[in-house]
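Atoms within each ligand, like the ligands themselves, are counted from 1 in listed order.
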Amino acid sequence: MRSLSLTIAAATTILLATLSTVHAQDGTPTGITNTAPSTYSCDPKVCLPPACMCASLKPPGGLDPKTVPQFVTITCDDSIQADLFVTAQKLLAAAKNPNGCPARGTFFVSIQYTNFALVDQWYAAGNEVADHTWTHVGTPPAAEISACKEALNAYGGIPRGKIQGFRAPFLNYTLGTLQEIAQQGFIYDSSATAVIDDANWPYTLDNGLANDCWSPGLCTAGALKLPGVWEIPMHSVVDDTQIPQLMDVYLAGTSANVTSWYNTNWQRHYNGNRAPFGIYVHPTHMTNYVGLPDASGYLNTMTSIIATLASNPDVWFVTNQQLLAWMKNPVPASQLASQSYMQCNQPVIAKEICNGLDDTKQGVIDKNLTNQCTFNTSDFQTCFNCPATEPTAANPVPASNVAVGSPNYRYPLPDTCDSIWWDPIGDNCLCNSSTCAYKDVSQPITKNGTTNGTTNGTTNGNGNSTSNSNGKASGASQIVNTVGMTIAAVLGALAIVSL
Ligand SMILES: *[C@@H]1O[C@H](CO)[C@@H](O)[C@H](O)[C@H]1NC(C)=O
Ligand SMILES: *[C@@H]1O[C@H](CO)[C@@H](O)[C@H](O)[C@H]1NC(C)=O
Ligand SMILES: *[C@@H]1O[C@H](CO)[C@@H](O)[C@H](O)[C@H]1NC(C)=O
Ligand SMILES: *[C@@H]1O[C@H](CO)[C@@H](O)[C@H](O)[C@H]1NC(C)=O
Ligand SMILES: *[C@@H]1O[C@H](CO)[C@@H](O)[C@H](O)[C@H]1NC(C)=O
Ligand SMILES: *[C@@H]1O[C@H](CO)[C@@H](O)[C@H](O)[C@H]1NC(C)=O
Ligand SMILES: *[C@@H]1O[C@H](CO)[C@@H](O)[C@H](O)[C@H]1NC(C)=O
Ligand SMILES: *[C@@H]1O[C@H](CO)[C@@H](O)[C@H](O)[C@H]1NC(C)=O
Ligand SMILES: *[C@@H]1O[C@H](CO)[C@@H](O)[C@H](O)[C@H]1NC(C)=O
Ligand SMILES: [Zn+2]
């Protein structure tokens with residue numbers, strides 16, 4: 001991948017020169033090769049599922065590929081903002097699962113520019129929220145990773161045990177990055193790339209990496225041993241000229257070209273070993289911005305491709321966590337509809353609570369219930385308390401701007417409730433049956449990535465504060481702020497160039 005830094009630098013320079021080049025080639029890590037390391041070895045007699053899984057081109061459980069569900073993983077990366085959220089929803093809306101449930105996807109969220117109320121909504125709709133650092137940096141420092149998780153928990157209300165996945169910005173990770181996410185209690189990484197010869201099913205890192213040895217020492221025999229931590233390889237789309245396209249494939253050719261590439265690669269998966277098929281995007285490239293070229297064509301190409309995939313039998317659009325649930329207990333496609341992790345029942349809650357859902361079917365999610373938190377360089381909505389000062393990677397969850405017990409206080413998600421049932425205003429878990437009961441048993445979020453927190457995870461920063469400041473900006477600076485954020489968001493997206 002790894003002409004990346006050059007690509008990024010070049011693209012950013014061009015973008016600064018003229019915003020109209022936002023559609024610069026993105027997500028074409030031409031350096032991807034079939035890098036299955038000769039050093040990888042794994043004995044399936046020793047590495048036993050579900051705790052351990054050897055990397056393999058074959059589906060787990062000895063299943064015949066013809067009976068295996070064809071999983072499709074749609075992943076979106078970077079900040080969640082209103083427009084980007086709509087784009088991501090449109091992708092998922094292009095397909096349905098065979099059991100009638102909506103297609104699901106995973107959002108690798110970077111915190112800068114993210115609106116936390118939308119994080120909540122993405123999760124409440126049955127999708128997955130994963131960690132993509134705070135400020136979107138390559139080879140991220142530990143605090144960038146832990147701070148992201150803390151904020152997703154504190155302001156997005158995602159149970160920390162449900163934040164299980166990590167993807168490195170720019171797919172730029174090292175041996176140390178993988179060790180760090182294991183240390184911080186993540187269940188999987190999805191930053192490694194696959195072409196054809198190494199198009200592995202997800203596997204655990206007990207025996208190291210079997211893909212993508214791009215960084216020194218990554219695949220040195222015995223260097224990496226992370227028992228029970230999964231790698232979900234990103235499967236590239238090999239184009240007509242044999243270049244593996246990984247992310248934002250739609251930027252790399254005409255709509256007809258891209259559709260044809262997806263079709264060719266799809267046939268290889270669907271009629272082959274049925275390894276999961278990936279659609280990896282940055283919604284920003286498919287979203288229209290004032291003053292930039294119309295991006296609808298990209299979105300239309302992708303929704304059309306997704307709809308075509310969905311028209312085949314036994315095709316399931318899943319989150320990475322659903323995929324791993326299946327990996328740990330593989331069942332034939334005929335039994336998938338009834339698995340607990342494939343269900344889609346919205347909680348029945350008699351009043352509107354701030355949980356990311358339209359509980360009372362008024363046509364509005366969390367009507368009049370979210371807090372607006374406004375700071376000098378960011379603003380967001382949340383079902384939880386606004387912090388008194390702007391959150392940063394070094395201080396992700398500052399003390400809140402209201403005192404515990406005061407009328408406007410929002411109670412943090414406890415370890416004993418899933419957020420779709422949690423009323424942060426009423427301090428009440430509205431789940432009253434064993435089917436919705438939840439107990440978070442994940443390890444406390446690691447502070448700065450080096451030591452375990454002294455709290456049990458959800459209390460940091462939600463304690464009281466005497467400060468009443470909510471950092472309200474003036475109307476004028478608000479406008480400047482908004483424009484600034486839009487441009488910055490585009491920059492951030494462009495600079496993604498592959499992340
Ligand atoms: C990976 O990220 C680090 C830190 O940001 C940077 O120094 C390095 O150049 C990046 N490597 C690539 C290949 O982009
Ligand atoms: C795009 O499609 C055209 C027409 O089929 C074809 O000639 C061309 O080789 C394709 N380009 C790539 C890069 O696949
Ligand atoms: C449990 O919750 C449901 C949905 O909110 C409600 O209809 C039901 O009355 C509750 N049952 C009890 C015993 O509280
Ligand atoms: C929203 O809630 C506030 C109190 O928190 C209330 O004053 C206001 O009237 C509400 N607005 C609407 C549209 O319900
Ligand atoms: C944020 O804005 C306030 C007032 O608008 C100002 O007093 C404060 O210094 C600013 N903080 C930063 C970090 O720029
Ligand atoms: C966390 O890291 C920041 C700088 O990245 C530092 O200022 C802060 O003191 C650290 N906190 C702890 C608890 O180590
Ligand atoms: C705020 O916290 C302090 C120290 O924990 C405590 O003494 C005080 O009573 C708390 N205030 C409120 C309003 O809960
Ligand atoms: C953090 O806690 C987990 C589980 O409680 C433990 O396995 C891990 O070693 C701890 N890490 C540190 C640095 O204390
Ligand atoms: C964390 O939770 C465990 C079990 O719920 C409890 O025994 C322990 O005292 C808690 N620790 C802290 C620091 O709250
Ligand atoms: Zn990214």
Side-chain angles (χ1 to χ4, degrees), residues 1-12 25-33 35 75-81 84 87-88 106-114 129-145 148 152 165-178 180 189-193 212-218 234 236-265 280-287 301 393 488-499:
M1 111 159 358
R2 313 268 184 176
S3 55
L4 255 192
S5 50
L6 245 186
T7 314
I8 293 159
T12 306
Q25 188 84 344
D26 186 314
T28 35
T30 50
I32 292 184
T33 52
T35 50
T75 71
C76 298
D77 284 15
D78 300 353
S79 64
I80 305 193
Q81 305 171 38
L84 306 177
T87 297
T106 303
F107 217 122
F108 289 89
V109 181
S110 50
I111 299 302
Q112 206 169 30
Y113 313 119
T114 280
V129 172
D131 188 315
H132 196 49
T133 76
W134 193 283
T135 60
H136 202 276
V137 286
T139 56
E144 279 275 344
I145 302 170
C148 175
L152 293 172
F166 175 77
R167 174 170 291 161
F170 310 105
L171 307 183
N172 178 347
Y173 63 97
T174 62
L175 187 71
T177 311
L178 297 175
E180 181 57 38
D189 170 72
S190 184
S191 311
T193 60
D212 198 21
C213 301
W214 78 284
S215 160
L218 210 44
M234 300 176 72
S236 52
V237 166
V238 181
D239 74 15
D240 291 352
T241 61
Q242 303 310 308
I243 293 175
Q245 305 282 347
L246 189 63
M247 304 190 78
D248 308 311
V249 178
Y250 46 89
L251 298 180
T254 65
S255 179
N257 280 132
V258 171
T259 303
S260 150
W261 302 339
Y262 268 108
N263 183 52
T264 306
N265 284 267
Y280 314 116
V281 303
H282 296 99
T284 188
H285 294 301
M286 289 181 280
T287 303
T301 297
V490 172
L491 274 169
L494 202 234
I496 285 197
V497 188
S498 136
L499 24 155

Atom 9 (O) of ligand 2 touched by protein (heavy atom, under 4.0 Å): no

Which atom of H132 approaches the Zn ion (ligand 10) most closely (N/O/S): NE2

Any donor-acceptor pair under 3.5 Å from T264 side chain to S260 backbone: yes

Nitrogen or oxygen atoms of D240 and ligand 2 under 3.5 Å apart: yes

Heavy-atom nearest option to atom 12 (C) of ligand 2, drawn from D239, N257, I243: N257

Check: R167 side chain, H132 main-chain N or O, donor-acceptor pair, under 3.5 Å: no

Q112 and S79 side chains, donor-acceptor separation under 3.5 Å: no

Any N, O or S atom of H282 closer than 2.8 Å to the Zn ion (ligand 10): no

Minimum heavy-atom distance between L175 and L218, given as atom pair plus value: N-CD1, 3.3 Å

Protein heavy atom under 4.0 Å of atom 5 (O) of ligand 2: no

Atom 14 (O) of ligand 2 touched by protein heavy atom at under 4.0 Å: yes

Where ligand 2 meets W261 - atom numbers and elements under 4.0 angstrom, heavy-atom basis: 12 (C), 13 (C), 14 (O)

Side-chain (T133) to main-chain (P140) donor-acceptor, under 3.5 angstrom: no

Minimum-distance N/O/S atom that H136 presents toward the Zn ion (ligand 10): NE2

contact_flag T139 ligand 1 heavy-atom lt 4.0 Å: yes

Donor-acceptor contact below 3.5 Å, side chain D131 vs main chain F166: no

Metal proximity, D77 vs the Zn ion (ligand 10), N/O/S cut-off 2.8 Å: no

Which atom of D78 approaches the Zn ion (ligand 10) most closely (N/O/S): OD1

Polar side-chain atom of D78 near backbone of H282 as donor-acceptor pair, under 3.5 Å: no

Pair T287-T284, side-chain donor/acceptor within less than 3.5 Å: no

